[in-house]
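Report on the following structure.
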2 protein chains.
Amino acid sequence: MPDLENPATARGRKRDPNRDVAILEATIDVLAEVGYDGLSTAKVADRAQAGKGTMYRRWPTKTDLVLDAVAHMKAQQIDLEALPDTGSLRGDLLALFQPHEGAQVDRVLRAMAGVVSMISQVPGLAETGDYSIFEPWIAANTVLMNRAKARGKIAPAADVALAAQIIPSMAAYRALILRMAIDRDLLVRLVDQVVLPALSEDSVAASHS
Amino acid sequence: MPDLENPATARGRKRDPNRDVAILEATIDVLAEVGYDGLSTAKVADRAQAGKGTMYRRWPTKTDLVLDAVAHMKAQQIDLEALPDTGSLRGDLLALFQPHEGAQVDRVLRAMAGVVSMISQVPGLAETGDYSIFEPWIAANTVLMNRAKARGKIAPAADVALAAQIIPSMAAYRALILRMAIDRDLLVRLVDQVVLPALSEDSVAASHS
DNA sequence: TGGTTCCGGAACCATGAAGTATCGCATTAG
DNA sequence: CTAATGCGATACTTCATGGTTCCGGAACCA
């Protein structure tokens with residue numbers, strides 16, 4: 001986070017908050033293109049039409065910049081306060097994926113791929129886990145499924161924690177390994193043939209026999 | 001691949017094939033620890049107790065070395081000719097995971113995480129896909145499921161291609177993002193509550209209604 | 001034995017990137 | 001107006017490292 005000066009002492013030209021988001025967005029772009037190690041501060045500055053001094057005044061190191069950029073990206077993704085409520089779990093799950101533009105999703109997933117290499121280089125990063133784009137998505141799935149369970153639409157003993165990971169993990173696999181985004185057809189097949197059956201009454205019963 | 005000299009012309013000291021595997025193994029180790037970009041030829045040579053000259057006599061560049069090391073690792077993983085046949089699909093799926101040691105699996109998955117960053121740097125690598133550890137695992141799942149289908153144990157219309165990706169993609173997610181291997185408890189839950197229900201008669205029928 | 005090739009180890013060099021400093025101009029408080 | 005700060009741009013320092021080469025010694029063939 002860029003540090004704010006004490007307003008009482010502030011005298012000269014003020015920092016342009018516009019520059020913050022421009023640099024952050026440029027960081028995401030470069031990260032998606034060449035990964036964390038391929039990302040140089042010069043490239044980011046060039047892309048953002050910013051001077052390196054402007055960047056280093058805000059973020060003391062490259063790692064801080066990338067971490068903040070990822071957090072910025074995460075904040076734009078899923079709003080846990082405004083989840084869809086279509087009446088059916090199936091509709092909710094499909095709607096959760098709906099609003100995002102295809103190209104935008106692709107950009108985010110590629111950036112996530114770039115972060116993977118950072119995990120093994122920045123010590124202590126793997127433990128916090130707050131770099132992952134998929135985590136809020138899993139949280140959203142969990143909320144939707146628990147709501148369906150409360151409404152009696154799925155089995156009371158259903159393993160929500162497990163089911164909520166299915167679609168995000170598939171998305172992660174495709175993004176990081178296959179370098180492809182999930183399309184709508186695949187999403188529908190996952191919901192109908194995998195996720196919903198896993199939550200249904202008889203599947204849960206069968207696994208306990 | 002290290003190039004063999006023409007045996008007719010061979011005169012001096014012979015190459016020690018032992019050095020090949022030592023260097024390859026060391027490459028996997030370093031890759032698992034620091035990723036592709038963190039991997040330097042000096043680190044590998046040090047780990048393998050080898051001189052850099054010995055390495056460059058065999059692999060002209062760092063990329064070739066890593067690619068060969070991954071291929072070497074893949075060859076050790078799953079033998080598609082000797083798949084388990086326990087009589088039930090459930091038993092087969094669990095047995096497929098059985099033989100590998102926990103620590104070994106962890107090492108392989110971490111190495112795979114190191115490869116991810118290589119994908120965006122080596123052009124044309126993402127298309128071939130032959131770097132992925134998960135691909136042979138998906139293939140093995142597919143074979144087992146198709147066999148079960150032929151034996152009439154699962155729905156004839158079951159989406160095998162989709163179901164075969166569930167466990168490997170979850171493994172990929174955990175390895176690359178969470179930095180954890182799949183334990184046996186999770187595997188059992190996945191098989192019983194997700195994979196098998198997805199292949200069952202009524203799940204498939206429900207998705208076609 | 002002698003020439004050839006391999007070995008581990010180390011020195012070497014060119015490239016590139018992180019982070020700093022500086023310049024000229026713009027903006028704002030007092 | 002003036003001093004202080006932010007801005008883009010660029011030059012600079014410092015350092016890591018990928019790839020190459022050389023060395024002394026060992027193994028191998030004729």
Side-chain angles (χ1 to χ4, degrees), chain A residues 2-27 30-31 33-69 114 117-118 121-122, chain B residues 2-27 30-31 33-69 114 117-118 121-122:
Chain A
D3 7 326
L4 274 298
E5 274 305 318
N6 179 3
T9 324
R11 275 225 289 167
R13 178 176 178 174
K14 286 174 179 165
R15 282 195 194 169
D16 184 358
N18 222 326
R19 302 288 58 208
D20 291 63
V21 322
I23 294 171
L24 255 16
E25 289 291 327
T27 304
V30 177
L31 189 62
E33 282 173 20
V34 296
Y36 175 72
D37 306 270
L39 179 146
S40 70
T41 55
K43 275 201 203 104
V44 173
D46 186 56
R47 170 78 61 115
Q49 291 277 95
K52 291 176 67 175
T54 305
M55 292 171 51
Y56 277 94
R57 191 175 297 116
R58 289 164 164 79
W59 299 276
T61 177
K62 173 179 151 178
T63 303
D64 293 283
L65 169 64
V66 175
L67 251 27
D68 204 17
S117 56
M118 185 169 50
Q121 289 183 34
V122 180
Chain B
D3 6 328
L4 276 295
E5 274 305 317
N6 180 2
T9 324
R11 276 221 288 164
R13 177 176 177 173
K14 285 172 180 168
R15 275 194 199 170
D16 184 359
N18 222 325
R19 301 324 294 143
D20 291 62
V21 322
I23 294 171
L24 255 17
E25 289 292 326
T27 304
V30 177
L31 189 63
E33 282 174 21
V34 296
Y36 175 73
D37 307 271
L39 179 146
S40 69
T41 56
K43 278 201 202 100
V44 174
D46 187 56
R47 170 78 60 115
Q49 291 278 97
K52 292 176 68 174
T54 305
M55 293 171 52
Y56 278 95
R57 192 174 295 116
R58 290 163 162 79
W59 299 276
T61 176
K62 175 177 146 177
T63 303
D64 293 284
L65 169 63
V66 175
L67 249 29
D68 204 18
S117 55
M118 186 169 48
Q121 291 183 32
V122 181

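Below, chains carry the letters A, B, ... as their sequence lines are ordered, and counting in each starts from 1. Any value given below was found using the heavy atoms of this structure, including those in side chains, with hydrogens, waters and symmetry copies removed.
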Rounded to whole Å, CZ of A:R57 lies from C1' of D:dA4 at a distance of 12 Å

Mind calculating the distance between CZ (A:R58) and P (C:dG19) to the nearest angstrom?
17 Å

Rounded to the Å, how far apart are A:N18 CG and C:dA26 P?
19 Å

Complementary nucleotide of D:dA30, counting Watson-Crick and G-U pairs under 3.5 Å:
C:dT1

If I take atom CG in residue A:L65 and atom C1' in nucleotide C:dG19, what distance separates them, rounded to the nearest angstrom?
13 Å

Once salt bridge (Lys or Arg N to Asp or Glu O under 4.0 Å) is applied, do any residues pair with A:R47, and if so which ones, sequence neighbours excluded?
A:D29, A:E33

Please assess B:T41 against B:W59 for the test side-chain contact (heavy atoms from CB on, under 4.5 Å), listing each intermediate value before the final yes or no.
CA-CA 11 Å; B:T41 56; B:W59 299 276; over 6 Å; no

Given atom CZ of A:R19 and atom C1' of C:dA26, what is their separation to the nearest angstrom?
14 Å

Verify whether one side chain among A:S117 and B:D37 offers a donor that lies under 3.5 Å from an acceptor in the other.
no

Using 0.5 Å steps for rounding, measure from the CE atom of A:M55 to the CZ atom of A:R19.
11.0 Å

Once rounded to the nearest 0.5 Å, what's the spacing between atom CG of A:N18 and atom CD1 of A:I23?
10.5 Å

Checking B:D68 against B:D64 for the side-chain contact (heavy atoms from CB on, under 4.5 Å) test, could you report, in this order, the C-alpha distance in whole Å, the side-chain angles of both residues, the deciding distance, and whether it holds?
CA-CA 6 Å; B:D68 204 18; B:D64 293 284; over 6 Å; no

Nucleotide-resolved protein contact map, nucleotides 15-28 of chain D, B/S/- at heavy-atom distance under 4.0 Å
---SBB----BBBB

How many whole angstroms separate atom CD of A:Q49 from atom P of D:dT10?
11 Å

